Number of protein chains: 2
Amino acid sequence: MSKTESSSKARHTIRDIARVTGVSPKTVSFVLNDREGVAEQTRKRVLKAVKEMEYHPHAAARALRDRVTRSIGVIFPTTADAAPLSQSLLNWLHEEFIHIFGSRGYYVTFDMASYAGSRNGDYARGVWEQAFGPCFLAGPLALTDRVVPRLHERGVPYVAVTRLDSFPQCSAASVDYEQAACLSTRHLLEKGHTRIGLLQAFQGYQSGLERRRGYERALREAGLPVDASLIRPVTFDSHSIVNGVHALLSDRAVTALIDSSSTEDPVVLREGARRAGRRFGKDLEIVVWTYRYDTVVLPEACAHMCLPLRQASAEGLEHLAAWIEGRREGPIQILYQPTLLETPREAPFNDPLRVFHETA
Amino acid sequence: MSKTESSSKARHTIRDIARVTGVSPKTVSFVLNDREGVAEQTRKRVLKAVKEMEYHPHAAARALRDRVTRSIGVIFPTTADAAPLSQSLLNWLHEEFIHIFGSRGYYVTFDMASYAGSRNGDYARGVWEQAFGPCFLAGPLALTDRVVPRLHERGVPYVAVTRLDSFPQCSAASVDYEQAACLSTRHLLEKGHTRIGLLQAFQGYQSGLERRRGYERALREAGLPVDASLIRPVTFDSHSIVNGVHALLSDRAVTALIDSSSTEDPVVLREGARRAGRRFGKDLEIVVWTYRYDTVVLPEACAHMCLPLRQASAEGLEHLAAWIEGRREGPIQILYQPTLLETPREAPFNDPLRVFHETA
DNA sequence: CTGTTAGCGCCTTCAT
DNA sequence: ATGAAGGCGCTAACAG
């Protein structure tokens with residue numbers, strides 16, 4: 001009967017390895033951490049025991065000792081129903097995390113508690129509890145946000161996906177929504193429209209405010225008054241969009257719309273117009289906002305406003321990784337500009353939803 | 001000038017709270033863990049200090065002491081290019097985790113290191129290092145898998161999405177792929193086909209083997225020989241599918257196909273047929289496998305084989321949560337049966353891809 | 001080169 | 001009811 005130590009269910013500690021190989025715990029620790037000062041022969045004996053006994057260092061013990069974890073946090077500044085993370089963004093995020101952090105051996109820890117509606121607004125418990133240090137803030141920041149400054153003060157690397165007026169030093173990789181709104185509005189003004197409706201998403205959030213501000217700026221530049229009734233806050237609910245479009249278009253003097261709802265859904269837009277007895281492309285022009293550059297959301301639209309959110313986030317995450325590894329400093333201040341694209345006559349084929357990604 | 005203790009950057013410990021409130025650390029611990037034996041007045045003083053000083057228990061210290069974390073692990077038995085997690089499955093998974101674990105305050109920790117291609121096959125380091133105990137195995141199990149038995153022996157709650165022939169006691173919530181293949185084949189046999197091509201995904205994995213086995217079983221039942229050249233292993237790459245279809249159909253005696261590639265992509269199927277000078281619905285019938293019940297993947301298909309993977313996983317995760325909380329025992333043994341649906345003449349509208357979920 | 005010790009922050013005895 | 005002490009597994013500092 002051989003020593004059945006290796007098949008034992010018990011989890012071994014560094015001391016077990018030391019005892020079995022007849023060295024001190026410190027030596028084992030040195031071997032594991034690839035440090036000098038251990039005889040080659042001893043090193044081999046230790047590594048052999050480590051493999052045979054299936055020893056693995058205890059993550060929590062290490063974290064306690066080192067005051068750092070090997071985890072990146074993903075945290076949600078809002079609840080799911082207030083501002084749901086889009087499916088396509090989630091997919092993209094997953095890819096990026098695999099690419100950037102997976103290969104480096106980090107764990108990626110999601111804290112969905114606040115997103116699920118618990119924890120009343122303190123969405124950064126993972127940082128306070130030191131479950132992780134560095135983190136990604138996945139979602140829009142509320143204008144009333146009080147958490148980011150505390151995060152900032154803590155000194156942990158972090159990056160958000162919108163700026164924050166109330167805290168300009170906020171580490172963020174974002175898109176200039178104000179500019180997007182301004183360009184959208186200008187485009188329609190130049191085409192001769194004077195009463196332009198705005199479907200405004202993210203009411204109460206930074207990115208919602210920027211939408212409104214850009215819209216108002218363009219109007220003021222043109223010397224036109226701002227009619228508050230033309231700004232229609234909407235949620236991500238279909239009904240909300242349909243009703244919003246319907247309500248705005250009931251005013252026959254409204255001859256143009258800006259869809260900054262971020263829903264990228266042609267069906268609800270058409271339905272809203274239909275209920276008002278209007279049709280896009282006929283007596284009505286629209287600029288549709290989208291996060292992609294390769295797909296026409298609504299062929300009847302006169303233009304698409306493309307928001308490079310992915311590009312911004314990608315650079316933000318790269319910077320975050322560099323910050324964590326000490327190659328760069330924070331805070332991150334990245335701002336991408338949007339692009340207005342006139343809708344092509346021949347809409348390109350809208351790719352079908354693939355269940356599996358294609359392997360390149 | 002007030003005591004600026006609360007605005008200090010330093011992270012406080014339980015002893016700081018004790019010192020400030022003039023009690024012992026144990027008392028603070030009792031208060032935090034809602035245990036009896038503390039005077040109400042003391043309790044309030046402690047809680048006040050906790051709030052003011054923004055004290056939070058240290059996750060790693062707690063984990064070390066309690067030998068349990070509040071994390072659920074998501075681990076990947078294969079690399080991304082061998083068997084990529086589908087986008088729709090990832091989205092669904094995210095929803096489920098929010099629903100089941102987010103509301104209970106668990107962290108969800110992804111270990112993407114093995115998925116990214118590092119760690120040569122030992123995909124469960126998170127468990128060995130005790131970064132988490134309970135875990136979800138997101139992806140197919142290789143026939144050569146050696147990790148699951150060790151996981152099982154460890155005694156941690158876990159659940160996989162396929163069974164494992166070499167380890168029948170494996171905790172799994174899965175779909176009966178063998179039955180799906182058998183029913184698909186039978187259906188085509190009953191329609192008079194005798195040479196039936198099989199596009200077989202997951203070669204080398206349990207779910208690939210089950211596909212092949214079910215196909216062969218149906219043929220044997222019908223007294224027909226198994227022609228190995230009719231079984232075409234494919235990857236998730238478009239080319240692989242196109243070539244597979246083309247190659248199978250170059251044999252004009254082949255009058256039917258089973259698409260168990262799991263790609264759910266009508267375009268590549270049609271393209272493969274076109275290259276062989278064939279067309280679905282004309283001289284050719286096909287059964288297409290899908291993970292959904294509400295969408296026609298290929299209108300020309302004579303039937304769709306619907307695999308209730310989501311339903312199985314959902315029940316698996318519910319069971320996992322119950323296992324963690326001691327309400328039920330493991331291992332999990334859930335097997336859902338697939339359904340063959342004849343393709344309706346009028347294909348239902350294929351829902352557009354929504355960027356944001358609709359809030360219910 | 002090796003061994004001993006102390007302490008990270010928490011919780012749970014045991015003793016008061 | 002409270003206070004002191006010890007240990008979870010790891011590593012850095014300090015002897016030998």
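Atoms considered below: every heavy atom in the structure, side chains included; atoms not considered: hydrogens, waters and symmetry mates. Lettering of chains follows the sequences in order, A, B, ..., and the numbering in each one begins at 1. Nothing here was measured: the structure is a model prediction, and the numbers come from that model.
- Partners of B:Tyr158 by ring pair (Phe, Tyr, Trp, His ring centres under 6.0 Å), not counting sequence neighbours, listed by chain and number: B:His152.
- Of the residues near DNA chain D, B:Gln130 and B:Gly22, the one whose nearest nucleotide (by heavy atom distance) lies more toward the 5' end is B:Gly22.
- For B:Lys44, there are no salt bridge (Lys or Arg N to Asp or Glu O under 4.0 Å) partners, not counting sequence neighbours.
- Here B:Arg67 pairs with nothing under the side chain to side chain donor-acceptor pair (under 3.5 Å) rule; sequence neighbours left out.
- For the helix from C:dC1-D:dG16 to C:dT16-D:dA1, the angle separating the two terminal helix axes comes to 50°, with each axis derived from five pairs and the value rounded to 10°.
- Legend: residues meeting side chain to side chain donor-acceptor pair (under 3.5 Å) with A:Arg65, ordered by chain and number and at least two apart, are absent.
- When the P atom of C:dG3 is taken as reference, atom CD1 of A:Ile17 falls 15 Å away, rounded to whole Å.
- Rounding to whole angstrom units, NE2 of residue B:His58 and P of C:dG7 are separated by 17 Å.
- Here A:Tyr55 pairs with nothing under the ring pair (Phe, Tyr, Trp, His ring centres under 6.0 Å) rule; sequence neighbours left out.
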Side-chain polar contacts of residues 102-110 of chain A - donor-acceptor pairs under 3.5 angstrom, sequence neighbours left out - could you list them?
| residue | atom | partner | partner atom | Å |
| --- | --- | --- | --- | --- |
| A:Ser103 | OG | A:His99 | O | 3.0 |
| A:Arg104 | NE | A:Ile100 | O | 2.8 |
| A:Arg104 | NH1 | A:Glu325 | OE1 | 2.9 |
| A:Arg104 | NH1 | A:Glu325 | OE2 | 2.8 |
| A:Tyr107 | OH | B:Glu129 | OE1 | 2.8 |
| A:Thr109 | OG1 | A:Ser71 | OG | 3.2 |
| A:Thr109 | OG1 | B:Thr109 | OG1 | 3.0 |

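- By the side chain to side chain donor-acceptor pair (under 3.5 Å) test, B:Asp165 is found to be paired with B:Gln206, B:Arg213, residues two or more places apart in sequence or in another chain being considered.
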Can you list, pair by pair, the side-chain donor-acceptor contacts under 3.5 Å of residues 133-141 of chain B, counting residues two or more places apart and other chains?
none

Set out, line by line, the N/O atom pairs under 3.5 Å between protein and nucleotides 11-13 of chain C.
| residue | atom | partner | partner atom | Å |
| --- | --- | --- | --- | --- |
| C:dC11 | OP1 | B:Arg62 | NE | 2.7 |
| C:dC11 | OP1 | B:Arg62 | NH2 | 2.9 |
| C:dC11 | OP2 | B:Ser29 | OG | 3.4 |
| C:dC11 | O2 | B:Arg65 | NH1 | 2.5 |
| C:dT12 | OP2 | B:Arg35 | NH1 | 3.2 |

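- Residues satisfying the side chain to side chain donor-acceptor pair (under 3.5 Å) test with B:Arg15, not counting sequence neighbours, are none.
- Here C:dC10 presents its C1' atom at 13 Å from CZ of A:Arg67, a figure rounded to the nearest Å.
- Counting 5' to 3', DNA chain D first comes under 4.0 angstrom of a heavy atom of chain A and last does so at the ends given by D:dG9 to D:dA13.
- The existence of a salt bridge linking A:Glu153 and A:Arg150 is excluded, since no basic side-chain nitrogen approaches an acidic carboxylate oxygen closer than 4.0 Å.
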